[in-house]
Asker: 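One structure follows; several queries about it will come next.
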Amino acid sequence: MTNRLASMTSAEARHAAAAGPVVLLAAGALEQHGPGMPLGTDTVRAEAVTARVADELGDAVVVGPTIPVGVSPHHRGFAGTMTLSTATFAAVLTEYVDSLAHHGFRRFLVVNGHGGNNAVLGTTAQDLLRTHPDVELAWVGVSALAKDAVARLGVSEVHGHCGESETAQMLHVAPDLVRSELLEPGTTTLAQMEPVARLSRTPDFNLALAWERLSPNGVLGDPTRVSAEDGRRIIDESVANLTRLVREWRA
């Protein structure tokens, strides 16, 4: 039996719920990713990791529907970006969980490709403790699962969005979507930033800014210096760590 919910019949879904699987929900964004990467980068990466973990774990997990648009108001200065409000994102996730919890699913894991979703994932999990006390919601970041592999890239002083790590991952999982000839460095040092933008990158000081104040071309880091092999190491580490975490959770 497939472990993709959309491919199941209703009877198969009922049987799957009874086995107590973890429901995997990929979450991403539809937002600018610099001159050389597609708007759906965060969703593509999250779905790639989710699919591989599902193949590793078989019936221990069920892959639910993706949340393809995230919380991205900070990228609206760039064409093509779409965003949900935090309230809408929370409502979508809550109603995904509520729908499946009604049929007996109890554990949900959001595989998140977009950092802008993190805050609302935390508040949604807290709200679910009140409204669905028998449900557990966890979330993980694709890149955060591969800290060692990312560190080995030797990233720029300023890095992150559509920089070394994300570009390497896309070169591995969806090279046909990367316009390699258009990749270019963005902001790579704090010295390149205006004072308020520098302050926003200070650890433990949280300040939301429009992305064009951080980088004129939307890029943090240098995507030109990485390869598909770098991306393979990141994705492999993400998959291995997430597979281990799901097994521990179910045990």
Asker: Any donor and acceptor pair, going by atom type alone, linking the side chain of Thr43 with main-chain N or O of Ala29 inside 3.5 Å?
Answerer: yes
Asker: Under the salt bridge (Lys or Arg N to Asp or Glu O under 4.0 Å) rule, what do Glu248 and Arg244 come out as? Steps first, then yes or no, please.
Answerer: CA-CA 6 Å; Glu248 289 181 8; Arg244 173 181 54 80; 3.4 Å; yes
Asker: If you group Ile, Leu, Val, Met, Phe, Trp and Tyr whenever their side-chain heavy atoms sit less than 4.5 Å apart, what else falls in with Leu199?
Answerer: Phe78, Val158, Leu190, Met193, Val196, Phe205, Leu207, Leu209, Trp211, Leu214, Leu220
Asker: For a quick test of reading the model, state the closest non-hydrogen atom pair linking Ser156 to Asp222 and the distance between them.
Answerer: OG-N, 3.7 Å
Asker: Can you find a side-chain donor-acceptor pair between Gln192 and Thr188 that sits under 3.5 Å?
Answerer: yes
Asker: Same cluster for Leu171 and Val239 if Ile/Leu/Val/Met/Phe/Trp/Tyr side chains link at under 4.5 Å?
Answerer: yes
Asker: Tell me, do Arg107 and Val23 make a side-chain contact under 4.5 Å, heavy atoms counted?
Answerer: no
Asker: Please check if the side chain of Asn112 supplies one atom and the backbone of Gly141 the other of a donor-acceptor pair under 3.5 Å.
Answerer: no
Asker: Would you say Thr81 and Glu31 are linked by a side-chain donor-acceptor pair, where the criterion is simply a distance under 3.5 Å?
Answerer: no
Asker: Are Val53 and Ser238 side-chain neighbours, meaning at least one heavy-atom pair lies under 4.5 Å?
Answerer: no
Asker: Name the residue from Arg45, Glu164, Arg233 that meets the side-chain hydrogen bond (donor to acceptor under 3.5 Å, both in side chains) definition with Gln169.
Answerer: Arg45
Asker: Side-chain atoms of residues 144-154: list all donor-acceptor pairs with protein atoms under 3.5 Å, sequence neighbours left out, distances to 0.1 Å.
Answerer:
from: Lys147; atom 1: NZ; to: Ala144; atom 2: O; distance (Å): 3.2

Asker: So, does Glu12 use its side chain to make a donor-acceptor pair with the main chain of Thr9 at under 3.5 Å?
Answerer: yes
Asker: Distance-only, no hydrogens or angles: does the Arg213 side chain make a donor-acceptor pair with backbone N or O of Ala197 under 3.5 Å?
Answerer: no
Asker: Do Met8 and Val63 belong to the same hydrophobic cluster, where Ile, Leu, Val, Met, Phe, Trp and Tyr are linked whenever their side-chain heavy atoms lie under 4.5 Å apart, directly or via other members?
Answerer: no
Asker: So do the side chains of Leu121 and Thr124 get within less than 4.5 Å of each other, counting heavy atoms only?
Answerer: no
Asker: Should the ring pair His75 and His114 be called parallel, tilted or perpendicular, given that the plane angle runs from 0 to 90° and is split at 30 and 60?
Answerer: tilted
Asker: With distance as the sole criterion, is a donor-acceptor pair present between the side chains of His33 and Asp42 under 3.5 Å?
Answerer: yes
Asker: With the 4.5 Å side-chain cut-off for hydrophobic clustering, are Leu84 and Leu128 part of the same group?
Answerer: yes
Asker: Donor-acceptor pair, distance only, cut-off 3.5 Å: does the side chain of Asn3 make one with the backbone of Gly58?
Answerer: yes
Asker: For Asp176, is the CG atom crowded, meaning more than 12 foreign heavy atoms sit under 6.0 Å from it?
Answerer: yes
Asker: Check each of Val178, Val49, Ile235, Ile234 against Val173 using the side chain to side chain contact (heavy atoms under 4.5 Å, CB included) test, and report the only one that passes.
Answerer: Ile235
Asker: Can a side-chain donor-acceptor contact be found between Thr189 and Glu157 if the only test is distance below 3.5 angstrom?
Answerer: no
Asker: Do any N or O atoms from the side chain of Tyr96 and from the backbone of Thr66 form a donor-acceptor pair under 3.5 angstrom?
Answerer: yes
